[in-house]
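If you're wondering where the values come from, they're calculated on a predicted model, not measured in any experiment.
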Amino acid sequence: MAKLTYFLYTKESAPNWNLVIYNLNEISDPVQQVQPMKNLHAFHRYANKMVDYFAQLDDKKFKLYINKMKSCQVFGDALTTSNVIRGEKDILIDIISKLTDRSEKEGLPFEKDVFIQSVSVQKIELQANILNFSGWLEEIPYAYFNELKKWRENLFIDKAEKIERYLKINSRENIKLKDISNELEISEQSLNTIFKKKYGTTIKRYLTQLKIENAKELLTTTELKIHDISEYLSFVDESYFISTFNKACGVTPSKYRQNYIEKLLNKKSV
């Protein structure tokens, strides 16, 4: 840890001094650490390269430098007390700091950036032991990588497509315009105008169509009762679900299921 601290403050490799580790919990002979931390300079160089390719979302080179980081023997073999655990945590937190700073520069929204940072640091600090240091070296960078990738992809999706995707993902919920506005950061007043211009229908009608398609699938693939399907798809009540389904399909949900079963039986008998 002394050598790590020396490097972090001076940006130079620490002198190749012997280390003496004292166990403060028990009175015993000190552990002589003749071999210093290995490849620490290379480790941080690879970490910086990893952060550069993270910013470029170059998955291949990003993965390459994560693997190079994993290959570094950062700690000497004699560091077998709790000191090594604190050292591993500090190195992981340093990587989190690097990724957080770069994410902010790349435009990732502040709240997303800070959320990943706080969750990652908390997960690390709650570990009694870092049992899989190499696993953490991959998990943490990819948490940032995937979030930045998703955010950049969303930049290239127009607002109408964002609305449609949100509706499809949440089609069984009782979605209100306010919910969409808050989630997608689009003004509530402009939602229907934006959506109708591209898809030729209102958000409410499109959501109803999605619910009807979901209902058809449930009617033909499950034995759920009509009431349960109505609740699952967040209709106001069963009668409203039946009337809405009837209006869209020309038959009630029960009749739709019956017709489907009769068609299957006719096919089997032929």
For the NZ atom on K159, are there more than 12 heavy atoms of other groups (residues, nucleotides or ligands in this structure) within a distance under 6.0 Å? no

Do the non-hydrogen side-chain atoms of N67 and K63 ever get within less than 4.5 Å of each other? yes

Who pairs with S239 by side chain to side chain donor-acceptor pair (under 3.5 Å), at least two apart in sequence or on another chain? D237

Mind checking whether N174 and K176 have side chains closer than 4.5 Å, heavy atoms only? yes

Rounded distance (nearest 0.5 Å) linking atom CE of M69 with atom NZ of K49: 14.0 Å

Which heavy atom in I124 sits nearest to a heavy atom in L92, and how many Å separate them? CD1-CB, 3.6 Å

Rounded to the nearest 0.5 Å, the OG atom of S97 sits from the CG atom of D90 at a distance of 12.0 Å

Would you say the side chain of V236 lies within less than 4.5 Å of the side chain of F241, judging by non-hydrogen atoms? no

For residues S230 and Y240, determine if any side-chain heavy atom of one lies less than 4.5 Å from a side-chain heavy atom of the other. no

Interatomic distance, S71 atom OG to Y46 atom OH [nearest 0.5 angstrom]: 6.0 Å

Could you pull out all residues at least two apart from D228 that satisfy salt bridge (Lys or Arg N to Asp or Glu O under 4.0 Å)? none

Starting at CD1 of I96, measure out to OG of S118 and round the result to the nearest 0.5 Å. 9.5 Å

Is a side-chain donor or acceptor of N170 paired with a backbone partner of E173 at a separation under 3.5 angstrom? no

Can you confirm whether Q209 is buried at CD, in the sense that more than 12 heavy atoms of other residues, nucleotides or ligands lie under 6.0 Å from that atom? yes

Tell me whether S234 contacts the main-chain N or O of R172 through its side chain, where contact means a donor paired with an acceptor under 3.5 Å. yes

Ignoring hydrogens and angles, tell me if any N or O in the side chain of D113 forms a donor-acceptor pair with the backbone of P109 under 3.5 Å. no

Please check if V114 and V119 belong to a single hydrophobic cluster, counting links between Ile, Leu, Val, Met, Phe, Trp and Tyr side chain heavy atoms closer than 4.5 Å. no

Is the side chain of K68 donor-acceptor paired with the backbone N or O of A47 at a distance under 3.5 Å, no angle test? no

Show the nearest heavy-atom pair for residues S187 and S181, with the distance to one decimal. C-OG, 3.9 Å

Rest of the hydrophobic cluster containing L126 (Ile/Leu/Val/Met/Phe/Trp/Tyr, side-chain heavy atoms under 4.5 Å)? none

In the single-linkage hydrophobic clustering (I, L, V, M, F, W, Y; side-chain heavy atoms under 4.5 Å), do F115 and W151 co-cluster? no

Can Y144 and Q117 be said to form a side chain to side chain contact (heavy atoms under 4.5 Å, CB included), step by step? CA-CA 9 Å; Y144 283 87; Q117 180 188 40; 3.6 Å; yes

Residues in side chain to side chain donor-acceptor pair (under 3.5 Å) contact with R45, at least two apart in sequence or another chain: none

Under the side chain to side chain donor-acceptor pair (under 3.5 Å) rule, collect the residues that match up with D59, sequence neighbours excluded. Y142

Would you say that P253 contacts I242 through its side chain, given a criterion of any heavy-atom pair below 4.5 Å between the two side chains? yes

According to the salt bridge (Lys or Arg N to Asp or Glu O under 4.0 Å) rule, which pairs have a member within residues 142-158, sequence neighbours left out? E106-R152, K112-E147, E147-K150, D158-K198

For this output row, return yes or no: ring centroids of Y53 and F62 closer than 6.0 angstrom. no

Give a yes or no on whether E188 atom CD has more than 12 heavy-atom contacts from other residues, nucleotides or ligands under 6.0 Å away. yes

Kindly give the heavy-atom pair with the smallest separation between L99 and P141, and that separation in Å. CD1-CA, 3.6 Å

Any chance you could measure F145, atom CZ, to M50, atom CE, to the nearest 0.5 Å? 11.5 Å

Checking T244 against F235 for the side chain to side chain contact (heavy atoms under 4.5 Å, CB included) test, could you report, in this order, the C-alpha distance in whole Å, the side-chain angles of both residues, the deciding distance, and whether it holds? CA-CA 9 Å; T244 302; F235 281 90; 4.1 Å; yes

Would you sort out whether T100 and I116 count as a side chain to side chain contact (heavy atoms under 4.5 Å, CB included), showing the intermediate values? CA-CA 8 Å; T100 300; I116 301 173; over 6 Å; no

Return the set of residues passing side chain to side chain donor-acceptor pair (under 3.5 Å) with E231 (not counting sequence neighbours), or none when no residue passes. H227

How many angstroms lie between OH in Y65 and CG in N48, if you round to the nearest 0.5 Å? 11.0 Å

Less than 4.5 Å apart, side chain to side chain, heavy atoms only: is that true for D52 and R102? yes

State which residues pass salt bridge (Lys or Arg N to Asp or Glu O under 4.0 Å) with K123; sequence neighbours excluded, sorted by chain then number. E139

Start with the C-alpha distance between I91 and F43, add both sets of side-chain angles, then the distance that settles side chain to side chain contact (heavy atoms under 4.5 Å, CB included), and finish with yes or no. CA-CA 10 Å; I91 284 181; F43 179 88; 3.5 Å; yes

Show which residues join L184 in its hydrophobic cluster (side-chain heavy-atom contacts under 4.5 Å, direct or indirect), or state none. I163, Y166, L167, I175, L177, I180, I186, L191, I194, F195, Y199, I203, Y206, L207, L210

Check: K196 side chain, T201 main-chain N or O, donor-acceptor pair, under 3.5 Å: no

Stepwise, does the salt bridge (charged side-chain N to carboxylate O under 4.0 Å, His left out) test hold for E164 with K168? CA-CA 6 Å; E164 185 199 28; K168 285 182 175 179; 3.5 Å; yes

N/O donor to acceptor pairs below 3.5 angstrom from side-chain atoms of residues 254-262, sequence neighbours left out:
{"unit_1": "R257", "atom_1": "NE", "unit_2": "L219", "atom_2": "O", "d": "2.9"}
{"unit_1": "R257", "atom_1": "NH1", "unit_2": "L224", "atom_2": "O", "d": "3.0"}
{"unit_1": "R257", "atom_1": "NH2", "unit_2": "T222", "atom_2": "O", "d": "3.2"}
{"unit_1": "R257", "atom_1": "NH2", "unit_2": "L224", "atom_2": "O", "d": "2.9"}
{"unit_1": "Q258", "atom_1": "NE2", "unit_2": "E262", "atom_2": "OE2", "d": "3.2"}
{"unit_1": "N259", "atom_1": "ND2", "unit_2": "K255", "atom_2": "O", "d": "3.4"}

Is V251 reachable from I229 through a run of I, L, V, M, F, W or Y residues, each pair having side-chain heavy atoms under 4.5 Å apart? yes

Can you sort out the partners of K216 under salt bridge (Lys or Arg N to Asp or Glu O under 4.0 Å), two or more places apart, ordered by chain and number? E213

Which residues satisfy the salt bridge (Lys or Arg N to Asp or Glu O under 4.0 Å) test with K98, sequence neighbours excluded? D94

